[in-house]
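Only one structure is covered here, and it is reproduced in the block below.
Note: hydrogens, waters and symmetry copies are ignored here, and every other heavy atom, side chains too, is used. Position 1 is the first residue of the sequence, and the numbers go up from there.
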Amino acid sequence: ALAARTGRSMPKQAESMVLRFARNDPATWVGPRRWRVQLTWTCSAPDCPGGTWALPTPEPEPPDRLLSWTVDGCTVTGEVELHGRTGALGYAAGRLYDDTLARLRGGDLAYQWMPEAMRWTLDAALAARSMDCVSTSLLLEREATAAGLRTRVRRGLLLGPVTIEHVWVEVDQDGAWLPLDPVLAFLDRRVNTRRAGVDLAAFCRGSLVNRLLPLPYERGRPLARHDCPAGGTPVLAVLAHSPRP
């Protein structure tokens with residue numbers, strides 16, 4: 001479905017909705033934007049008898065703000081203000097970004113939706129030449145570290161008409177964390193082929209859009225923790241949100 005060129009498959013429609021913001025004026029990609037967010041988890045065990053839940057709480061970095069965040073069982077409701085920011089990568093980090101984006105666009109690395117265990121196992125993903133936002137970020141982290149750059153891998157939600165989990169890399173440059181997000185740039189070119197104007201690829205080369213909500217996480221583990229007597233794991237089932245002026 002992802003490789004089909006009809007543009008009518010469900011995954012392709014979802015990608016189009018996720019990247020719809022990129023068709024707007026780039027000035028709307030930064031600046032303050034408030035979001036109301038509701039996240040609901042379910043247990044993977046069909047006979048789950050209950051158990052306790054521990055849900056993630058955003059840890060925003062200024063100027064982003066967490067305005068409210070209420071946990072009720074397996075549901076969290078909150079309001080956040082995200083600003084986005086612009087930046088320009090240095091030569092070494094910029095070259096890593098350009099090379100990875102070129103490999104995705106050229107097919108050397110094939111973008112796929114992947115099983116959770118595989119996407120967090122970089123060598124397995126590379127052996128299959130299959131990459132998603134997680135494995136691509138791990139690859140960038142490995143190569144940036146080898147180049148002597150200080151990096152961090154971030155995980156959170158990309159908010160919009162369709163909200164998805166997303167993972168990206170940030171590089172420490174002169175005390176500021178600048179993002180490298182070639183997957184977002186790759187998907188933009190693929191689904192917004194008829195859009196004129198600024199290519200999102202230039203923006204993702206050091207800048208952060210105002211709809212990425214970082215969440216704390218453990219690598220290879222679900223965003224939420226669930227103490228299930230039946231051995232189930234938490235699954236993010238519902239994401240609801242509404243932008244405010």
Do you know the tightest heavy-atom contact between Gly78 and Trp69? CA-CE3, 3.7 Å
Looking at Met17 and Pro161, what are the two nearest heavy atoms and their distance? CE-CB, 3.4 Å
Can [X] and [Y] be counted as an ion pair, charged N to O under 4.0 angstrom?
{"X": "Arg33", "Y": "Glu79", "value": "no"}
{"X": "Arg20", "Y": "Asp188", "value": "no"}
{"X": "Glu59", "Y": "Arg154", "value": "no"}
{"X": "Glu61", "Y": "Arg152", "value": "yes"}

Quick check: is Met114 connected to Leu138 through a chain of hydrophobic side chains (ILVMFWY, heavy atoms under 4.5 Å apart)? no
same_hphob_cluster(Ile164, Val76) at 4.5 Å side-chain heavy-atom cutoff: yes
Would you check if [X] and [Y] make a side-chain contact, meaning some heavy-atom pair closer than 4.5 Å?
{"X": "Asp132", "Y": "Trp113", "result": "no"}
{"X": "Arg190", "Y": "Glu15", "result": "yes"}
{"X": "Asp181", "Y": "Leu200", "result": "no"}
{"X": "Pro32", "Y": "His83", "result": "yes"}
{"X": "Leu140", "Y": "Leu96", "result": "yes"}
{"X": "Met131", "Y": "Gln112", "result": "no"}
{"X": "Leu101", "Y": "Asp99", "result": "no"}
{"X": "Trp177", "Y": "Arg85", "result": "yes"}

Supply the atom-to-atom distance [X] [atom1] to [Y] [atom2], rounded to the nearest 0.5 angstrom.
{"X": "Leu139", "Y": "Leu109", "atom1": "CG", "atom2": "CG", "result": "6.5 Å"}
{"X": "Cys74", "Y": "Trp41", "atom1": "SG", "atom2": "CH2", "result": "9.5 Å"}
{"X": "Leu104", "Y": "Tyr111", "atom1": "CG", "atom2": "OH", "result": "10.0 Å"}
{"X": "Cys133", "Y": "Phe186", "atom1": "SG", "atom2": "CZ", "result": "13.0 Å"}
{"X": "Glu170", "Y": "Arg150", "atom1": "CD", "atom2": "CZ", "result": "11.0 Å"}
{"X": "Thr163", "Y": "Leu157", "atom1": "OG1", "atom2": "CG", "result": "6.5 Å"}

Report, one line per pair, each donor and acceptor closer than 3.5 Å where one atom sits in a side chain of residues 204-217; sequence neighbours left out.
| from | atom 1 | to | atom 2 | distance (Å) |
| --- | --- | --- | --- | --- |
| Arg205 | NE | Asp98 | OD1 | 3.0 |
| Arg205 | NH2 | Gly94 | O | 3.4 |
| Arg205 | NH2 | Asp98 | OD2 | 2.9 |
| Ser207 | OG | Gly87 | N | 3.0 |
| Ser207 | OG | Gly87 | O | 3.4 |
| Ser207 | OG | Phe203 | O | 3.4 |
| Asn210 | ND2 | Thr28 | O | 3.2 |
| Asn210 | ND2 | Val30 | O | 3.3 |
| Asn210 | ND2 | Gly31 | O | 3.1 |
| Arg211 | NH1 | Leu159 | O | 3.3 |
| Tyr217 | OH | Val153 | O | 2.6 |

Between Thr75, Thr77, Asp72, which is the residue that forms a side chain to side chain donor-acceptor pair (under 3.5 Å) with Thr40? Thr75
Distance-only, no hydrogens or angles: does the [X] side chain make a donor-acceptor pair with backbone N or O of [Y] under 3.5 Å?
{"X": "Asp123", "Y": "Leu126", "answer": "no"}
{"X": "Arg129", "Y": "Gly107", "answer": "yes"}
{"X": "Gln173", "Y": "Ala88", "answer": "yes"}
{"X": "Ser137", "Y": "Ser135", "answer": "no"}
{"X": "Tyr97", "Y": "Ala201", "answer": "yes"}

Thr136 and Arg119: CA distance, side-chain angles, deciding distance, side chain to side chain donor-acceptor pair (under 3.5 Å) verdict: CA-CA 9 Å; Thr136 300; Arg119 65 200 303 238; over 6 Å; no
Among Val171, Thr151, Leu180, find the one that has a side-chain contact (heavy atoms from CB on, under 4.5 Å) with Glu141. Thr151
Show every donor-acceptor pair shorter than 3.5 Å between a side-chain atom in residues 220-239 and any protein atom, with sequence neighbours excluded, or say none if there are none.
| from | atom 1 | to | atom 2 | distance (Å) |
| --- | --- | --- | --- | --- |
| His226 | ND1 | Thr52 | O | 3.1 |
| His226 | NE2 | Gly50 | O | 3.4 |
| Thr233 | OG1 | Ser44 | OG | 3.2 |

